[in-house]
Amino acid sequence: MTAAAPVLRFAPSPNGRLHLGHAFSALLNADLAARMGGLCRLRIEDIDPARSKPAFVDGIVTDLAWLGLTYPEPVRHQSRHMADYRAALDGLIGRGLAYPCFCSRGQIRARIASGGDSPCDPDSMPLYPGTCRDLGSAAAERIGRGDPHTWRLDMAAAMRCAGPTLGYVAFDEAGAHRVAADPTRWGDAVIARRDVPTSYHLAVVHDDAVEGVTHVVRGRDLEAATDLHVLLQTLLGLPVPRFRHHPLLLDARGEKLSKSRDAQSLADLRQAGQTPEAVRARLGFA
Ligand code: GLU
């Protein structure tokens, strides 16, 4: 029996124009897929109704085509699959692994500030103190009243269910090795936002499984999130892909390129007369 061909993906969020950092990630995914004899899918991660814009989706497709990258159809748009995320979320809720949280960000901040030093998650956000974890029947009443709420993973319950030996295989040019995952450093992470029945974490593990992704290649800024993803994959009975976390491109100040900090977009570079060949060569993909 032959093993299935590798499947990779490039999964941008359409909340701005693509910059060189995205180009690097897209080119690396395409290059690795070609070298492994597999394919690379494009996924539009548009779960954020406020920040995702159709014009940015069009921009992504235009910029990638300009770079010479094409993708198999259909391209998955996460906003079209909310019912699937809801079902995955309901499964976790039904098993007692998630609870509704009615705290606003301000309330959480105030509570944490009054309690002195509190540990932070890998994104430097203070860990949630668990205020809503044991609301019992009051939680259902508040949901019935329509009180806005997120859903949080009950990390202790989730770890009891998943078992302590979580990990994944990390791969690079030098080979592959096992990495231990410690999702507990995220505390009771939000797995569904107030406005949609998912978070980045839940949608990404669901979609990687649905699309048969075998190798996840993305920036080091998401390396710590992988620990949480491995936990969710284990809880949901999904395969754990191999992972590669590539270095991030930095700007002149040594900070990660970011849409919000006005990193020069591929569209800007194109308008300034840069060729796709020049961009590819600059990023090491001549
Ligand atoms: N949509 C995420 C982003 O644009 C990437 C998700 C991933 O590769 O897992 O940062």
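Ligands are counted one by one from 1 in listed order, and the atoms in each one are counted from 1 as well. Numbers here simply count residues along the sequence, with the first being 1.
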Minimum distance, heavy atoms only, to atom 1 (N) of ligand 1: which one of Q78, E45, R43, H201 is it? E45
ring-ring contact (aromatic ring centres under 6.0 Å, His included) contacts in which one or both residues fall within residues 267-286, not counting sequence neighbours: F24-F285
Can you tell me how far NE2 of H22 sits from CD1 of I60, rounded to the nearest 0.5 angstrom? 7.5 Å
Who are the side-chain contact (heavy atoms from CB on, under 4.5 Å) partners of P247, not counting sequence neighbours? R220
Aromatic plane relationship, F102 with H149 - under 30° parallel, 30 to 60° tilted, over 60° perpendicular: tilted
Pull out every atom of ligand 1 sitting under 4.0 Å from any heavy atom of V204, numbered as shown with elements. 9 (O)
Between H229 and Y200, is the ring centre distance below 6.0 Å? yes
Which atoms of ligand 1 have any heavy atom of R9 under 4.0 Å away? 7 (C), 8 (O), 9 (O)
Within a distance under 4.0 Å of any heavy atom of Y200, pick out the atoms of ligand 1 and give their elements. 6 (C), 7 (C), 9 (O)
Any N/O of A11 closer than 3.5 Å to an N/O of ligand 1? yes
